[in-house]
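All values derive from a computational prediction rather than experimental measurement.
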Amino acid sequence: MDLSESYNAAEVEQRWQQIWAERGGGNADCDQGEPFYLLEMFPYPSGRIHMGHVRNYTIGDVYARFLRAKGHRVLHPMGWDAFGLPAETAAIQRGIDPARWTRENISAMRQQLSRLGFSYDWSREVATCDPDYYRWEQLFFLQMLDRGLAYRKKARVNWCDACGTVLANEQVEGEECWRGHSPVRQKELDQWFLRITAYADELLEGLNGLDGWPEKVRTMQRNWIGRSEGVEIEFPIVETGKSLPVFTTRADTLFGCTFVSLAVEHPQAAELARAGGNEEEVCAFIDSISRLETAERAQGKEGIFTGCHAINPINGRSVPVYLANFVLMEYGTGAVMAVPAHDQRDFEFAARYGIEVIPVIEGEDGCLDASSMLEAFEEDGRLHDSGEFSGLSSADGRKAIAKALAEKGSGKEVVNYRLRDWGISRQRYWGTPIPIIHCPNCDVVAVPEADLPVVLPTGVELLEGGGSPLPELEDFVSIRCPQCGAQARRDTDTMDTFVESSWYFIRFASAERDGIPFDRDEVARWMPVDQYIGGVEHAVLHLLYSRFFTRVLRDLGWLEVSEPFERLLTQGMVIKDGAKMSKSKGNVVDPDELVAAYGADTARLFSVFAAPPEKDLDWSDRGVEGAHRFLSRVWRLALAVGAADAGGVVRRSLAWADPGCEGLSKPAAGLRSLVHDTIRRVGRDIGERMRYNTAVAAIMELVNGAYEYRQRDDSSDDAVLDFAVAMTLRLLFPFAPHMCSELWSRVVVGPGVDEIPWPDYDASALVKETIEMVVQVNGKVRGRIQVAADIPETELLELAAKQPRVAAALAGRSPRKTVVVPGRLVSMVV
RNA sequence: GCGAGAGUGGCGAAACUGGCAAACGCACUAGACUUAGGAUCUAGCCCGCUAACGCGGUUGGGGGUUCGAGUCCCCCCUCUCGCACCA
């Protein structure tokens with residue numbers, strides 16, 4: 001081989017990928033040591049990976065390779081979130097079977113991932129569209145059904161026309177579908193729900209223990225769950241004699257209640273309209289509001305008097321009952337006690353309909369005057385005009401009034417959540433069939449466990465209009481009722497694809513098992529995931545569902561842990577030209593082209609060097625070239641040093657071991673010290689801080705140091721240079737595994753680069769005999785002195801004061817105060 | 001409006017517990033090697049003044065604590081993200 005042979009990434013990378021594939025490099029079973037479960041969010045097999053995947057999976061792979069070197073047994077699996085709408089769309093547009101389309105995409109993407117050198121345990125690969133996978137999901141569904149955790153109800157649900165299906169609340173972002181920002185409207189449908197609200201408190205509490213999660217994600221989940229404590233108060237209706245419960249968090253303002261407002265969907269609404277003698281008008285209002293979409297409803301405050309009155313149980317006062325557009329049936333009881341003086345919405349409503357405003361809370365500025373108020377006073381304060389409760393603070397007032405109501409049987413303390421149950425029915429084809437049979441006699445009947453899986457028929461003709469073909473497939477739909485034997489029909493909805501991703505990480509622990517979903521011992525060994533890496537867009541979707549599912553499976557007896565993900569890293573987006581890289585923006589960089597032009601190692605290096613993992617990454621073609629240039633620089637250095645042989649023929653000649661500190665020249669000792677410091681920095685930056693950008697910077701400094709060292713005239717102490725080069729390769733290996741393997745195999749004597757353990761640094765090598773100290777006068781740097789590390793303080797001060805610029809700054813005065821920071825600086829104040 | 005996070009050179013960024021602001025990289029400038037350079041190597045590169053040694057200023061703005069603040073405390077401004085009639 002020629003010394004001047006330049007770095008040919010394609011050739012090198014192909015060779016090593018082949019070797020790793022033969023060795024089964026990523027298999028968790030190959031490793032010994034303490035188990036570590038490292039996982040990146042699995043992708044949807046859309047056909048091609050994008051730069052976001054490259055970044056996500058590089059962050060993971062660097063960590064995996066580092067952990068293995070540190071002696072861990074690492075579980076680092078990969079799979080496919082394979083059900084979902086794009087497969088159906090492709091099928092309709094191009095006439096391909098979704099199953100085939102998905103399978104082909106998977107194999108293309110698997111190849112792309114391998115081409116990037118990611119070290120996965122492919123023996124555990126799962127695809128969620130495989131009946132051997134989703135059969136367990138059907139089993140869990142049935143078990144949840146048994147325990148009342150899955151149930152069916154008719155409900156107003158979010159409908160996305162573009163997707164042709166229902167969406168869960170979490171999948172609606174400000175009235176738009178999370179996938180394509182198409183509009184979402186309300187529709188009344190019979191749906192299957194999972195009772196995530198049964199775990200609301202536990203999911204909320206659990207967040208407190210998740211120290212390894214970004215605060216941002218925990219806050220988002222807290223807000224989403226939206227727990228609020230309050231009182232449910234019964235208001236008897238004069239005209240109907242019925243009781244109307246309302247929910248409030250501000251029982252302290254109860255004496256200020258001047259009306260009650262209900263959602264138009266409230267079950268008592270029609271009855272109140274009738275009893276109030278204003279039926280026609282009220283019904284017309286109900287009609288006009290219910291026709292509107294949620295977004296349109298939010299325009300202003302609108303309502304109508306029902307003609308009925310409610311009795312405030314605390315003071316017997318009779319107040320009018322209104323229907324109002326802004327009251328949500330989905331929250332609390334769908335009815336609200338209105339206190340215009342202390343709630344801005346009620347204030348606006350009262351102003352519009354001429355309802356009385358009665359202030360009952362005073363702030364620090366004293367009592368409010370109803371006639372001059374411009375807005376509601378919503379803060380806590382002190383109660384007045386509130387009978388026996390006057391004078392109490394808001395907090396005490398809430399407690400006292402709740403207690404008084406409870407004693408009268410007119411109220412009870414309750415907790416409300418914003419979180420609602422998870423609607424999982426999807427009117428789509430490409431998903432997990434819901435294992436339910438609808439029987440004319442027995443109503444809803446579970447498919448017997450022995451009959452699982454209910455296999456999704458493949459090779460079907462998809463409908464032009466985009467609807468699910470399942471209801472039309474007689475072979476699939478038609479079935480005998482397992483209970484009474486009558487002719488019955490299968491449920492033709494499929495499950496939300498977020499259900500599959502809510503437990504795939506547990507399946508990975510024993511993905512090969514046939515007869516059971518999980519092997520309890522293997523799950524106990526691996527779960528929870530020690531480090532999870534993925535995008536923040538799943539903060540309240542996948543990540544909340546997974547926390548819920550893990551608890552359900554725990555309660556079903558499948559595992560012990562409650563929290564699925566011990567630590568979470570949310571990596572930033574890949575940005576180009578100021579916008580997120582996306583097809584619609586037309587600013588995508590194709591990973592394949594990148595790899596073809598520069599190689600996988602360059603792609604990997606750039607994706608972790610340009611920014612810390614959790615920050616957005618600004619794409620830069622120049623930056624990619626820079627990463628490539630650095631790798632070439634390492635390539636040349638290693639070959640030049642490793643091929644000390646004058647004939648220009650590379651031979652294995654480098655010893656990788658530390659030559660020790662004995663008899664080194666000053667520059668050699670300096671280089672050796674730099675190597676150890678780099679080992680320290682890289683280990684800390686990868687292992688403890690996950691700041692790969694600074695880890696790479698440290699390695700670059702080492703390489704610069706080695707080049708500098710080589711430039712010296714005398715070229716003794718080559719053992720130190722050998723050590724420096726070998727350690728460069730060892731430390732760089734997690735980032736650029738192909739090139740480092742290749743170079744190591746060519747020039748280093750001994751075991752492979754990934755066969756030697758991660759090096760420990762020698763702390764004594766970092767201790768310098770002489771150190772530079774800064775001398776400050778009045779906070780300004782006025783000199784630097786080289787001193788022995790153990791110089792006595794008096795001597796140090798004397799030396800410092802003698803520095804010409806220091807002496808000039810002191811101008812003959814003696815310091816009023818002197819501070820010495822050992823090893824760093826001397827600070828003098830005059 | 002509520003909540004969270006962030007403001008540092010021309011750019012991406014660094015600064016571990018308060019201790020030399022700008023490591024590392026990109027871009028740029030000069031030089032070397034060269035038939036050539038969009039390869040490589042060397043040097044320079046926050047701003048102002050200076051021929052130079054230096055001097056002064058600088059981490060969104062203002063104040064404070066401290067010998068010393070990008071870092072800690074208070075006030076303000078801007079940007080990004082999340083939630084948004086949740087009673």
Side-chain N or O of [X] closer than 4.0 Å to phosphate OP1/OP2 of [N]:
| X | N | result |
| --- | --- | --- |
| A:R222 | B:rC83 | no |
| A:R691 | B:rA14 | yes |
| A:R689 | B:rA15 | yes |
| A:K615 | B:rA13 | yes |
| A:T694 | B:rA13 | no |
| A:R680 | B:rC16 | no |
| A:N693 | B:rA14 | yes |
| A:N704 | B:rA23 | no |
| A:R629 | B:rG38 | no |
| A:K817 | B:rC67 | yes |
| A:R782 | B:rG54 | no |

Item to complete: Assess A:R636 against A:Y7: is NZ or CZ under 6.0 Å from the centre of the six-membered ring, and within 45 degrees of the ring's axis?
Response: no

Worksheet item: Glycosidic conformation of B:rG70, syn or anti, with 90° from 0 as the boundary?
Response: anti

Any salt bridge linking [X] with [Y]? Criterion: basic side-chain nitrogen under 4.0 Å from a carboxylate oxygen.
| X | Y | result |
| --- | --- | --- |
| A:R218 | A:E215 | yes |
| A:E413 | A:K399 | no |
| A:D685 | A:R681 | no |
| A:R227 | A:E229 | yes |

Who is the Watson-Crick or G-U wobble partner of [N], with both distances under 3.5 Å?
| N | answer |
| --- | --- |
| B:rG10 | B:rC26 |
| B:rC79 | B:rG5 |
| B:rU65 | none |
| B:rC33 | none |
| B:rG38 | none |
| B:rG70 | none |
| B:rA51 | none |
| B:rU59 | none |

Any idea which of [options] is nearest the [X] side chain?
| X | options | answer |
| --- | --- | --- |
| A:R636 | B:rG54, B:rU40, B:rC85 | B:rU40 |
| A:A611 | B:rA87, B:rA13, B:rC85 | B:rA13 |
| A:R824 | B:rC16, B:rG82, B:rA84 | B:rC16 |
| A:R805 | B:rC67, B:rC83, B:rC55 | B:rC55 |
| A:A697 | B:rG19, B:rA23, B:rG25 | B:rA23 |
| A:V774 | B:rA87, B:rC20, B:rA23 | B:rC20 |
| A:F326 | B:rC85, B:rC67, B:rC86 | B:rC85 |
| A:K780 | B:rU42, B:rA87, B:rG57 | B:rG57 |

Worksheet item: Mapping A:Q776 and A:D618 onto RNA chain B by nearest heavy atom, which one lands closer to the 5' end?
Response: A:D618

Fill in: Of A:L617 and A:V829, the one whose closest RNA chain B nucleotide lies more 5'
A:L617

Euclidean distance for [atom1], [N] against [M] (whole angstrom):
| N | M | atom1 | result |
| --- | --- | --- | --- |
| B:rU66 | B:rC73 | P | 16 Å |
| B:rU35 | B:rG54 | C1' | 46 Å |
| B:rC45 | B:rA52 | P | 13 Å |
| B:rG44 | B:rG9 | C1' | 15 Å |
| B:rC81 | B:rC86 | P | 23 Å |
| B:rG37 | B:rC49 | C1' | 38 Å |
| B:rC20 | B:rG68 | P | 15 Å |

Worksheet item: Do A:S228 and A:Y331 have a side chain donor and acceptor closer than 3.5 Å?
Response: yes

Specify the separation, in whole Å, of atom [atom1] of [X] and atom [atom2] of [N].
| X | N | atom1 | atom2 | value |
| --- | --- | --- | --- | --- |
| A:K576 | B:rC11 | NZ | C1' | 16 Å |
| A:R345 | B:rA84 | CZ | P | 14 Å |
| A:E379 | B:rA87 | CD | C1' | 17 Å |

Looking at the base of [N], is there any donor atom on it, or on the side chain of [X], that sits under 3.5 Å from an acceptor on the other one?
| X | N | answer |
| --- | --- | --- |
| A:R418 | B:rC83 | no |
| A:R622 | B:rA27 | no |
| A:R816 | B:rC67 | no |

Response to the item:
In terms of heavy-atom contacts, A:Q571 and A:G52 come closest through NE2-O, 3.8 Å

Discussion item. I'd like to know if the side chain of A:N325 and the backbone of A:G300 have a donor-acceptor N/O pair within less than 3.5 Å.
Written reply: yes

Practice prompt. Would you please indicate yes or no on a ring centroid separation below 6.0 angstrom for A:W178 and A:F498?
Written response: yes

